[in-house]
Amino acid sequence: MAVSKPQPPSLPPPPPPPAAVEGKPHPTYTRPPISLQPSHNKKNHPSKSNRLFRRFRTVFRSFPIINIPSCKMPVSLHGGRSNDGHIHGGTRMTGTLFGFRKARVNLAIQENSRCLPVLLLELAIPTAKLLQDMGMGLVRVALECEKHSNEKTKIIDEPIWSLYCNGRKSGYAVKREATDDDLNVMQMLHAVSMGAGVLPSEVTSDQQESGDLMYMRAHFERVVGSKDSETYYMLNPDGNNGPELSIFFVRI
């Protein structure tokens, strides 16, 4: 009489992942809602200007990042500095440098970290290079544009600038309107007053870039010299040393 071999006990099928059980797709990154408030001095730009900025930005991104020896830049502090690091006559703002490591760095200026940007510039300097230079010492960025007779445009509303970093010509800087990606970064950092770090690449929809998004945030003092000159000085938390980053806007 033949004896049948015992069959191994059958195992139950593995349970499906939780998302499948609930009939939902696998979890993905969800952008937080934008709760940033308009700045007190922010004015709505006409849609025609917005389209012009976007077109110019597209052309600007096709330019190579270059470094050419060039000229001098201003270095003096207006009004003097108090013991707590505050510059007399200055207005305290929030400044954020952010961008992908090898991509052009962006500079956003806000009245405070919970407001929409009043100024957003794209600089022809790689993000990692600028942050590395700041870690090694003082960095002075001069943005120059041509002055016209009967100039009525505010200096920070100029669309394009010649860019000098520590006295070397470094291409151009372009003023642009904030995109959804920019606002998403500002929203994620709305509770950060000072600091540096990285954000996951999923916070932006830019498919051309990969890796983490680097950022550095600090307080800046805005000092208006005249209608043709304006300066932003980064403040150190300890208040002992001079600013690691100074940004000069000059119409010449």
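In this chain, numbering begins with 1 at the start of the sequence shown.
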Test log, rule side chain to side chain contact (heavy atoms under 4.5 Å, CB included), inputs Arg222 and Thr231 | CA-CA 6 Å; Arg222 172 178 177 252; Thr231 308; over 6 Å; no
Identify the residue among [options] that makes a side-chain contact (heavy atoms from CB on, under 4.5 Å) with [X].
{"X": "Val141", "options": "Asn166, Leu107, Leu121, Leu245", "result": "Leu245"}
{"X": "Tyr215", "options": "Val105, Leu189, Leu97", "result": "Leu189"}
{"X": "Val139", "options": "Met234, Gln132, Met134", "result": "Met134"}

Strictly by modelled atom types, are Arg217 and Thr96 linked by a side-chain donor-acceptor pair under 3.5 Å?
-> yes
Would you check if there is a donor-acceptor pair between the side chains of Ser35 and Gln187 at a distance under 3.5 Å?
-> yes
For the student: nearest non-hydrogen atoms of [X] and [Y], plus distance:
{"X": "Arg114", "Y": "Ala191", "value": "NH2-CA, 4.4 Å"}
{"X": "Trp161", "Y": "Cys145", "value": "CZ3-SG, 3.5 Å"}
{"X": "His190", "Y": "Ser113", "value": "O-OG, 2.9 Å"}
{"X": "Glu230", "Y": "Ile155", "value": "OE1-CG2, 3.5 Å"}
{"X": "Thr153", "Y": "Asp157", "value": "CG2-CB, 3.8 Å"}
{"X": "Lys129", "Y": "Asp133", "value": "NZ-OD2, 2.7 Å"}

Short question: side chain of Ser246, backbone of Arg140 - any donor-acceptor pair under 3.5 Å?
->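 Flag not set: sc Ser246 to bb Arg140 has no pair under 3.5 Å.
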Are the side chain of Ser170 and the backbone N or O of Arg168 linked by a donor-acceptor pair below 3.5 Å?
-> yes
Salt bridge (charged side-chain N to carboxylate O under 4.0 Å, His left out) assessment of Glu221 paired with Arg92 = CA-CA 5 Å; Glu221 287 284 344; Arg92 181 162 295 191; 3.6 Å; yes
Separation of [Y] [atom2] from [X] [atom1] (nearest 0.5 Å):
{"X": "Phe100", "Y": "Asn106", "atom1": "CZ", "atom2": "CG", "value": "10.0 Å"}
{"X": "Arg176", "Y": "Ile160", "atom1": "CZ", "atom2": "CD1", "value": "14.0 Å"}
{"X": "Leu131", "Y": "Met214", "atom1": "CG", "atom2": "CE", "value": "5.0 Å"}
{"X": "Ser229", "Y": "Phe249", "atom1": "OG", "atom2": "CZ", "value": "11.5 Å"}
{"X": "Cys115", "Y": "Leu36", "atom1": "SG", "atom2": "CG", "value": "8.0 Å"}
{"X": "Met188", "Y": "Leu183", "atom1": "CE", "atom2": "CG", "value": "13.5 Å"}

Side chain to side chain, [X] and [Y], heavy atoms closer than 4.5 Å:
{"X": "Asp182", "Y": "Pro117", "result": "no"}
{"X": "Lys147", "Y": "Ile252", "result": "no"}
{"X": "Ser39", "Y": "Gln110", "result": "no"}
{"X": "Phe248", "Y": "Tyr164", "result": "no"}
{"X": "Leu116", "Y": "Gln37", "result": "no"}
{"X": "Tyr172", "Y": "Leu163", "result": "no"}
{"X": "Arg101", "Y": "Thr127", "result": "no"}

May I ask you to decide whether Lys175 forms a salt bridge with Glu158, counting only side-chain N to carboxylate O separations under 4.0 Å?
->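 Salt bridge flag = no for Glu158 with Lys175.
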